[in-house]
Engineer: 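One structure coming up, written as structure tokens, with questions to follow.
Remember, it's a predicted structure, so these values are computed and weren't measured experimentally. Throughout, residue positions are numbered sequentially from 1 according to the sequence presented. Atoms considered below: every heavy atom in the structure, side chains included; atoms not considered: hydrogens, waters and symmetry mates.
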Amino acid sequence: MKTLLVTAPMPEGYFSRAIHALDADAELLEYHGELGETALADVDSVLAWQLPAGLVRRLPGLRWICAVSAGVDKLLVPELAPQVMVSRIVDAEQAHGIAQFVVLMALRHARQLPVYEAQQQRHEWKRQPVAAVRSRVAVLGMGAMGSVVAQLLAQVGFEVHGWSRRSGQPLSEALGEAEMVVCALPLTPETDRLLDARAFAAMRRGAYLINIARGAHVVEPDLIAAVRSGQLAGAALDVQRNEPMAADDALWEVPGITITPHIAAQSSPQTIATQFLAGLRRLRRGETPPNVVDRQRGY
Ligand code: OXD
């Protein structure tokens, strides 16, 4: 049996080299649009970031999809047969990297770095009032990422409140208590567009949003309106609804919104190859691979 690699936009060979360095006998097939039914017939597993439309219907032997990412939202396509298992990468290094990125953005905002960067542009040496940072941060989603983010924020002095959908606390209440909000939620039908005009109105005036989860959590026109009106001071968006963002996307031009191209942290190909091969061995022994998600729940 073979594994199909569907890992664009990473270049061909990026994952196969890492997998073959650990297991030279692994049978891998790089996906491209011209693969015929015969080549796909004995594919039992897929390593993927996202799935081209209609692909899974062409894989009669498919039993397992291993994401190359922490989130599996792009893999839970409606046509996926119920018995196919989907697993994600759980990487402590990646969680730590994301937490560092959140702390960087939170401190950048709380310590007013953009103000001093603008002053430097004007050659203006001017001290502003400075206080140690003790702001209250709400971390939405306390899973593998969110809990590490919350821990590191607390270590640098923020007062952190973790919120999850299962906590029972109304979202508006958690939002209203914080000066900064970090979105670390999985993307599911329940959390899609969760951060909309109503959520921004529930946040404190002048609050700041950091999103390291998925762009689709945020209703971007609502966010732009909230920032332009001053309801929010701004946002750091490492993820956007349309990735890569078009050059004329309205988000680029909003003062106070910082855009980064989904770089908060990445798992290395070696980590992904190791977790993938461990899962493949279990699959081929008739066992369940690690980190299989609950497809109903979406994470
Ligand atoms: C993700 C990842 O899920 O980069 O965004 O792993």
Engineer: Are any of the side-chain heavy atoms of Arg295 and Val72 separated by less than 4.5 Å?
Structural biologist: no

Engineer: Examine Met85 and Leu59 and state if one hydrophobic cluster contains both, with Ile, Leu, Val, Met, Phe, Trp and Tyr joined whenever side-chain heavy atoms are less than 4.5 Å apart.
Structural biologist: no

Engineer: Take a 6.0 Å sphere around CZ of Arg297 and say whether it holds more than 12 heavy atoms from other residues, nucleotides or ligands.
Structural biologist: yes

Engineer: Could you name each residue pair satisfying ring pair (Phe, Tyr, Trp, His ring centres under 6.0 Å) that touches residues 97-142, not counting sequence neighbours?
Structural biologist: His109-Tyr208

Engineer: Under a 3.5 Å distance rule, please check whether Trp252 uses its side chain to pair with a backbone N or O of Ala246 as donor and acceptor.
Structural biologist: yes

Engineer: For His217, is there any backbone N or O sitting under 3.5 Å from a side-chain donor or acceptor partner on Arg193?
Structural biologist: no

Engineer: How long is the gap from OG on Ser268 to CD on Gln270, to the nearest 0.5 Å?
Structural biologist: 4.5 Å

Engineer: Quick one, Leu185 and Tyr299 - any side-chain contact, counting heavy atoms below 4.5 Å?
Structural biologist: no

Engineer: After noting the C-alpha distance and the side-chain angles of Leu28 and Phe15, does the key distance pass the side chain to side chain contact (heavy atoms under 4.5 Å, CB included) rule?
Structural biologist: CA-CA 10 Å; Leu28 307 175; Phe15 289 107; over 6 Å; no

Engineer: Roughly how far, to the nearest 0.5 Å, is CG of Leu209 from CE of Met105?
Structural biologist: 12.5 Å

Engineer: Compare every heavy atom of Ala39 with every heavy atom of Lys2, then report the nearest pair and how far apart it is.
Structural biologist: NZ-O, 3.3 Å

Engineer: State whether the side chain of Gln240 and the backbone N or O of Thr260 hold a donor-acceptor pair below 3.5 Å, judged by distance alone.
Structural biologist: yes

Engineer: Does Asn211 use its side chain to pair, donor to acceptor, with the backbone of Arg214 at less than 3.5 Å?
Structural biologist: yes

Engineer: With rounding to the nearest 0.5 angstrom, report the CG to CD distance, Leu195 to Glu220.
Structural biologist: 11.0 Å

Engineer: Check this for me: His161, atom NE2, are more than 12 non-hydrogen atoms of other residues, nucleotides or ligands nearer than 6.0 Å?
Structural biologist: yes

Engineer: How far does OG of Ser45 sit from CG of Leu283, to the nearest 0.5 angstrom?
Structural biologist: 6.5 Å

Engineer: What salt bridge (Lys or Arg N to Asp or Glu O under 4.0 Å) pairs are there with at least one residue in residues 132-151, not counting sequence neighbours?
Structural biologist: Arg136-Glu159, Arg136-Glu177

Engineer: With the threshold set at 4.0 Å, does a side-chain nitrogen-carboxylate oxygen contact exist between Arg284 and Asp44?
Structural biologist: yes

Engineer: Is the shortest heavy-atom distance from the side chain of Leu80 to the side chain of Ile65 under 4.5 Å?
Structural biologist: yes

Engineer: Just grab all the salt bridge (Lys or Arg N to Asp or Glu O under 4.0 Å) pairs involving residues 26-36, residues at least two apart or on different chains.
Structural biologist: none

Engineer: Would a single hydrophobic cluster contain both Phe200 and Val181, if residues Ile, Leu, Val, Met, Phe, Trp and Tyr are joined by side-chain heavy-atom contacts under 4.5 Å?
Structural biologist: yes

Engineer: Taking atom CD as the centre, does Gln296 end up with more than 12 heavy-atom neighbours from other residues, nucleotides or ligands that are less than 6.0 angstrom away?
Structural biologist: no

Engineer: State, to 0.1 Å, how close Val130 and Arg111 come at their nearest heavy-atom pair, and which atoms those are.
Structural biologist: CG1-NH2, 3.3 Å

Engineer: Can you establish whether the number of heavy atoms outside Glu37 located under 6.0 Å from its atom CD is more than 12?
Structural biologist: yes

Engineer: Are Leu171 and Val219 joined in one hydrophobic group, where the rule is that I, L, V, M, F, W and Y side chains link up if heavy atoms are under 4.5 Å apart?
Structural biologist: no

Engineer: Between Val139 and Leu175, is there shared hydrophobic-cluster membership here, with clusters defined by ILVMFWY side-chain heavy atoms closer than 4.5 Å?
Structural biologist: no

Engineer: Dump the intermediate steps for side chain to side chain contact (heavy atoms under 4.5 Å, CB included) on Met145 and Gln94, then the final yes or no.
Structural biologist: CA-CA 8 Å; Met145 293 293 170; Gln94 185 192 24; 3.5 Å; yes

Engineer: With a sphere of 6.0 Å drawn around CZ of Arg285, does it hold more than 12 non-hydrogen atoms of other residues, nucleotides or ligands?
Structural biologist: yes

Engineer: By the salt bridge (Lys or Arg N to Asp or Glu O under 4.0 Å) test, which pairs, at least two apart or in different chains, include something from residues 229-255?
Structural biologist: Asp192-Arg241

Engineer: Would a 4.5 Å heavy-atom cut-off, applied to side chains only, mark Val102 and Leu153 as touching?
Structural biologist: yes

Engineer: Please report the interatomic distance CZ(Arg165) to CG(Leu140), rounded to the nearest 0.5 Å.
Structural biologist: 11.5 Å

Engineer: Which heavy atom in Gly146 sits nearest to a heavy atom in Ala184, and how many Å separate them?
Structural biologist: CA-CB, 3.8 Å

Engineer: Any salt bridge (Lys or Arg N to Asp or Glu O under 4.0 Å) pairs touching residues 257-276, not counting sequence neighbours?
Structural biologist: none

Engineer: Can you see which heavy atom on Trp49 is nearest to which on Ala8, and at what distance?
Structural biologist: CD1-O, 3.6 Å

Engineer: Locate the shortest heavy-atom distance separating Ser147 from Gly143; write the atom from each residue and the value.
Structural biologist: OG-O, 2.7 Å

Engineer: If hydrophobic clusters are built from ILVMFWY residues whose side chains come within less than 4.5 Å, do Val43 and Trp64 share one?
Structural biologist: no

Engineer: For a side chain to side chain contact (heavy atoms under 4.5 Å, CB included) with Leu29, tell me which candidate from Val6, Leu5, Leu4 qualifies.
Structural biologist: Leu4

Engineer: Do Gln266 and Ser69 have side chains that get closer than 4.5 Å, going by heavy atoms?
Structural biologist: no

Engineer: Run the side chain to side chain contact (heavy atoms under 4.5 Å, CB included) test on Gln112 and Gln119 for me, step by step, so that the C-alpha distance in whole Å, both residues' side-chain angles and the decisive distance to 0.1 Å come before the verdict.
Structural biologist: CA-CA 11 Å; Gln112 297 187 285; Gln119 283 189 189; over 6 Å; no

Engineer: So Ile89 and Asn291, do their side chains get closer than 4.5 Å, heavy atoms only?
Structural biologist: no

Engineer: Identify the two heavy atoms, one from Ala26 and one from Ile19, that lie closest to each other, and give their separation to 0.1 Å.
Structural biologist: CB-CG2, 3.9 Å

Engineer: Distance check, rounded to the nearest 0.5 Å: Phe276 atom CZ versus Leu22 atom CG?
Structural biologist: 11.0 Å

Engineer: Can you find a pair of side-chain heavy atoms, one from Arg282 and one from Pro290, that are under 4.5 Å apart?
Structural biologist: yes

Engineer: With a 3.5 Å distance limit and no angle check, can you tell me whether Gln231 reaches the backbone of Ala225 through a side-chain donor-acceptor pair?
Structural biologist: no

Engineer: Counting distance only, does the side-chain N/O of Trp163 pair as donor-acceptor with the main-chain N or O of Gln169 below 3.5 Å?
Structural biologist: yes

Engineer: Can you tell if the side chain of Ile257 reaches within under 4.5 Å of the side chain of Leu237, non-hydrogen atoms only?
Structural biologist: yes

Engineer: Mind running side chain to side chain contact (heavy atoms under 4.5 Å, CB included) on Leu47 and Ile272 for me, showing each step along the way?
Structural biologist: CA-CA 9 Å; Leu47 181 68; Ile272 292 171; 4.3 Å; yes

Engineer: With sequence neighbours excluded, tell me which residues meet salt bridge (Lys or Arg N to Asp or Glu O under 4.0 Å) with Glu117.
Structural biologist: Arg108

